[in-house]
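The shown structure was predicted, so the numbers you read here are calculated from the model rather than taken from an experiment. First the proteins, then the strands, lettered A, B, ... as listed; each starts at 1.
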2 protein chains.
Amino acid sequence: MGKKKVKVSASDAREVLLVREGFQLADIDPDSTPGLEGDNGDVKEVGRELFTERDEELADLQERMYAQARAGNPDAPSLLVVLQGMDASGKGGVVRHVFGSVDPQGLQITSFKAPTKEELAHDFLWRVEPHAPKPGFIGVFDRSHYEDVLIQRVREFAPPEEIERRYGAIVDFEQRLVASGTRVLKFMLHVGPEEQAERLLERIDRDDKHWKYNTGDLDERALWGEYAEAYQIALERTSTEDAPWWVIPANKKWYARLAVKAVLLRTLRDMNLEWPEVELDQDAERERLEEPTRLLKESLKRAADR
Amino acid sequence: MGKKKVKVSASDAREVLLVREGFQLADIDPDSTPGLEGDNGDVKEVGRELFTERDEELADLQERMYAQARAGNPDAPSLLVVLQGMDASGKGGVVRHVFGSVDPQGLQITSFKAPTKEELAHDFLWRVEPHAPKPGFIGVFDRSHYEDVLIQRVREFAPPEEIERRYGAIVDFEQRLVASGTRVLKFMLHVGPEEQAERLLERIDRDDKHWKYNTGDLDERALWGEYAEAYQIALERTSTEDAPWWVIPANKKWYARLAVKAVLLRTLRDMNLEWPEVELDQDAERERLEEPTRLLKESLKRAADR
């Protein structure tokens with residue numbers, strides 16, 4: 001195999017893809033692979049290698065966070081990952097492949113569908129709050145409270161002043177989460193309309209993909225421009241220092257997964273997660289482990305005698 | 001590498017390890033590896049190869065089950081896996097390694113701790129029922145309602161007649177689950193007292209394992225014989241055709257994980273899971289996909305004009 005010509009930029013995906021002041025969604029090319037430059041095939045191959053390279057570290061960091069909570073540390077942190085994007089933008093694939101590499105015991109995955117009648121009767125955050133991750137857990141929202149300023153805005157399911165109110169309510173809600181020890185990471189998977197058409201066509205064509213297809217998807221697709229506007233506004237209004245948005249070019253599935261994983265890993269690293277301090281007199285416990293061995297034998301004898 | 005001398009028995013792990021009429025826990029050697037015979041090192045190596053061999057099939061079957069539910073099939077099945085065993089018997093490792101290889105979106109993992117005051121004020125199944133897996137999901141119980149006839153019996157937390165009542169209540173509960181479309185698989189990870197001592201010692205010795213150590217574990221260990229009896233009775237009374245128990249020799253972690261995975265895979269295979277039938281006029285949808293492309297362009301134009 002020849003030498004691969006790929007420039008892996010040393011810069012942090014967190015910086016490159018972050019939604020800052022002046023951000024324009026229209027400037028982002030869904031085909032691009034920021035941070036990885038070179039020939040198409042080579043870039044993909046390097047990306048695949050990078051994807052699994054840090055799995056052990058990721059699993060270790062997640063376990064430390066989980067251990068903090070299990071050991072009863074009242075300040076045990078947690079992490080919330082919000083995933084948004086048009087239909088077929090690859091949200092499910094991110095959950096499966098990025099979060100599939102950490103211990104499922106530490107995950108809380110919530111998939112938000114169209115609200116029920118009961119949910120609609122409450123404030124839009126009512127159904128969201130109970131799914132905030134428990135201490136030590138990584139919570140993943142596949143769609144989220146952002147639907148309430150995206151489809152609800154585009155479809156005019158709520159009046160403009162209510163939509164307006166929601167941006168502030170979301171910022172407040174996320175700040176509360178952060179104040180209680182939850183890191184909040186938000187990702188928009190930015191797919192282009194041509195790529196979406198190909199993916200939807202695959203769902204129509206393949207028997208094993210039909211269940212992912214919804215005839216309504218095409219109605220939303222027809223409002224692409226309106227959705228782009230709704231996303232632009234939501235990103236502007238709710239990307240805060242505490243709870244930032246990253247826009248991830250998502251026409252290449254491998255890249256979107258790699259980028260989300262990179263931000264996740266960097267965030268966990270920055271949290272300086274230690275193994276919890278547990279009060280334990282090791283010598284005394286080792287001795288006690290000997291003592292019960294005697295008790296255990298008596299117990300086995302009792303059982304045998306019965 | 002020389003030829004490995006391992007006999008992989010063609011028989012089904014479901015048959016070999018099943019708790020049947022006349023089963024005696026005392027007959028099971030926690031060190032054994034039923035179905036895999038040969039030199040120790042070779043057996044382990046073969047076991048490791050077998051472990052990942054069918055991952056793709058397992059993931060595919062799980063996705064079909066999930067797809068059934070997502071497509072709205074009212075008879076979509078689900079699966080409940082109950083894991084029991086003494087402390088450090090490897091329950092967490094089974095969750096992580098066996099269920100870590102399926103899509104986390106289709107998993108519902110519940111870890112049952114000592115009951116709270118509120119939970120104790122209700123019937124013992126009150127806290128369990130809400131965690132029964134949703135259609136399409138694999139539910140995993142790390143400890144379960146069986147604690148109510150194990151620790152509660154050994155420690156006499158409930159009077160004998162109440163413990164007696166519970167065996168029947170458990171059988172009824174599990175039959176209800178089965179009747180509503182949930183397959184129920186129950187595994188006891190059978191570790192020996194010497195192996196447990198080694199694992200507990202490791203938790204005492206290693207800083208990164210302290211959080212898993214509970215000084216109370218040694219008190220339960222001292223009642224090994226009583227626990228063995230309580231397990232024997234629970235297995236006898238609750239291993240039914242609908243909701244069978246398997247006792248898994250668990251001194252070798254790799255074997256226990258392999259055996260659970262083998263039973264899981266065989267069960268999913270037997271469920272004859274198909275991709276859901278979805279009513280879809282493919283030609284019409286393909287046409288509609290073209291039509292919205294026109295609408296989409298108009299939408300983009302509207303957005304650009306604003």
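- Counting only residues at least two apart or on different chains, the salt bridge (charged side-chain N to carboxylate O under 4.0 Å, His left out) pairs with a member in residues 71-94 of chain A are D87(A)-R143(A).
- For R302(A), the part lying under 4.5 angstrom from a heavy atom of chain B is the side chain only.
- Proximity to chain B is absent for every atom of A304(A), based on heavy atoms less than 4.5 angstrom apart.
- Proximity of R70(B) to K113(A): side-chain heavy atoms (C-beta onward) are separated by under 4.5 Å at one or more points.
- Using a 4.5 Å cut-off between heavy atoms, Y213(A) contacts chain B through its side chain alone, with no backbone atom that close.
- We find the CG-CD distance between D207(A) and E274(B) to be 10.5 Å, quoted to the nearest 0.5 Å.
- In this structure, no portion of A228(A) lies under 4.5 Å from any heavy atom of chain B.
- A donor and an acceptor atom, one from each side chain of E285(B) and T215(A), are nowhere located under 3.5 Å apart.
- Proximity to chain B involves both the backbone and the side chain of D205(A), based on heavy atoms less than 4.5 angstrom apart.
- Ranked by heavy-atom pairs shorter than 4.5 Å toward chain B, the options L300(A), V278(A), I204(A), I109(A) are led by I204(A).
- Top candidate by heavy-atom pairs under 4.5 Å with chain A, chosen from A26(B), A67(B), A71(B), is A67(B).
- Nearest approach of S299(B) to L223(A), heavy atoms of both residues: OG-C, 3.3 Å.
- Under the 3.5 Å distance criterion, with hydrogens and angles disregarded, no donor-acceptor pair is assigned to the side chains of H210(A) and E277(B).
- Proximity to chain B (any heavy atom under 4.5 Å) is shown, for W211(A), by both the backbone and the side chain.
- When each of G100(B), A303(B), A284(B), P104(B) is checked for heavy-atom pairs under 4.5 Å with chain A, P104(B) comes out on top.
- Taking chain B as the reference chain and counting heavy-atom pairs below 4.5 Å, the highest number among L107(A), L201(A), D217(A) is found for L201(A).
- Of all the heavy atoms in V95(A) and Q105(B), the pair that sits closest is CG1-CG, 3.3 Å.
- Taking CG of L218(B) as the start and CD of E287(A) as the end, the distance is 12.0 Å to the nearest 0.5 Å.
- One distance of note links CG of L289(A) with CD of E198(B); it measures 10.0 Å at 0.5 Å rounding.
- Proximity of E63(B) to D208(A): side-chain heavy atoms (C-beta onward) are nowhere separated by under 4.5 Å.
- With a 4.5 Å cut-off on non-hydrogen atoms, K301(A) does not touch chain B at all.
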Given L296(B) and W224(A), is the side-chain contact (heavy atoms from CB on, under 4.5 Å) satisfied, shown in steps? CA-CA 6 Å; L296(B) 179 147; W224(A) 198 277; 3.7 Å; yes
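- Using a 4.5 Å cut-off between heavy atoms, R306(A) touches chain B through its side chain atoms alone.
- Proximity to chain A (any heavy atom under 4.5 Å) is restricted, for E229(B), to the side chain, taken from C-beta onward.
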